[in-house]
Amino acid sequence: MIIATNLKTNFTRKHTKEYVLSIQKFLQSNPTTNEIIVFPTPTALDNFNTDIIIGAQNAYPTVNGAFTGETGTQQLDEFNIKTILIGHSERRHILHESQELIAQKFQYFKNLGYKIVFCIGEPKEIREKGKANMMKYIHTQLQGVDLQYENLILAYEPVWAIGSGHLPSNEEIADLHLELRVTCKAPLLYGGSVKVNNIKEVISLPNVDGVLVGSGALNVNDFCSMTRYSTQN
Ligand code: PGA
């Protein structure tokens, strides 16, 4: 199982360090075979001296250069970051990142061998148009993505489930993950309103290889518990 958290624009540098160290300490007394990934806010990236995988929430496909406000691999290399989140719905919908740029990022970081957690997921109005439309939309979000890439992890995160407290039904999650599994052998994460009290059910579903958690992981004790629940699955 892969248990990942996207901390988004939360926590200071100091708080993030405490957060990562708390998880590290917890895992020392509660070892797990799960892969644990934390995506801190960019200013909080650091060398944490931990077994937890630390990833970037975003980066620009460049080493360095004139890209105001962006982060390149020169900055990521300083902290040995080799994991990146690409295509998150907030970058697609709030920051209007195009599929073209998302695909360009995928290609760039793939060429560098990064572990890529690639996010896809439909808005409510697309889901309401029926399954065929939903699958078409999701396949559009995968354009330019090499589904055979060995360091790919796919995260299915319905936009309407993110931060809303509303998850698709178990059958809907299982059905979508089965559709993805047919074309992609990569681990499949579910994300969107996963919490400490529903994670066990989510990860027990077929073809769910882990979770990507946002708000439900902001409490470090909850996130620590989540790393344990999965192994009891
Ligand atoms: P959420 O966010 O857990 O707060 O719904 C998930 C995500 O955006 O990755």
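Note that ligands are numbered from 1 as they come in the structure, with each ligand's atoms numbered from 1 the same way.
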Write 'none' if nothing qualifies; otherwise put on separate lines each N/O atom of ligand 1 with a protein N/O atom under 3.5 Å away and their distance to 0.1 Å.
residue  : atom  : partner : partner atom : Å
ligand 1 : 2 (O) : K8      : NZ           : 3.3
ligand 1 : 3 (O) : G214    : N            : 2.8
ligand 1 : 4 (O) : S215    : N            : 2.8
ligand 1 : 4 (O) : S215    : OG           : 2.6
ligand 1 : 5 (O) : G163    : N            : 2.6
ligand 1 : 5 (O) : S193    : N            : 2.8
ligand 1 : 8 (O) : K8      : NZ           : 2.7
ligand 1 : 8 (O) : H88     : NE2          : 2.7
ligand 1 : 9 (O) : H88     : NE2          : 3.3
ligand 1 : 9 (O) : E157    : OE1          : 3.3
ligand 1 : 9 (O) : E157    : OE2          : 2.6

**Asked** Do other residues, nucleotides or ligands put more than 12 heavy atoms under 6.0 Å from Q24 CD?
**Response** yes
**Check: G192 main-chain N/O paired with Y190 side-chain donor or acceptor under 3.5 Å** = yes
**Message:** Salt bridge or not between K110 and D146? Use side-chain N to carboxylate O under 4.0 Å.
**Reply:** yes
**Item:** Over all atoms of both residues, closest heavy-atom pair of F223 and I23
**Value:** CD2-CD1, 3.6 Å
**Request:** Please answer whether the main-chain N or O of A186 pairs with a side-chain N or O of R181 as donor and acceptor at a distance below 3.5 Å.
**Result:** yes
**Item:** Short N-O contact, K129 and E122, less than 4.0 angstrom
**Value:** no
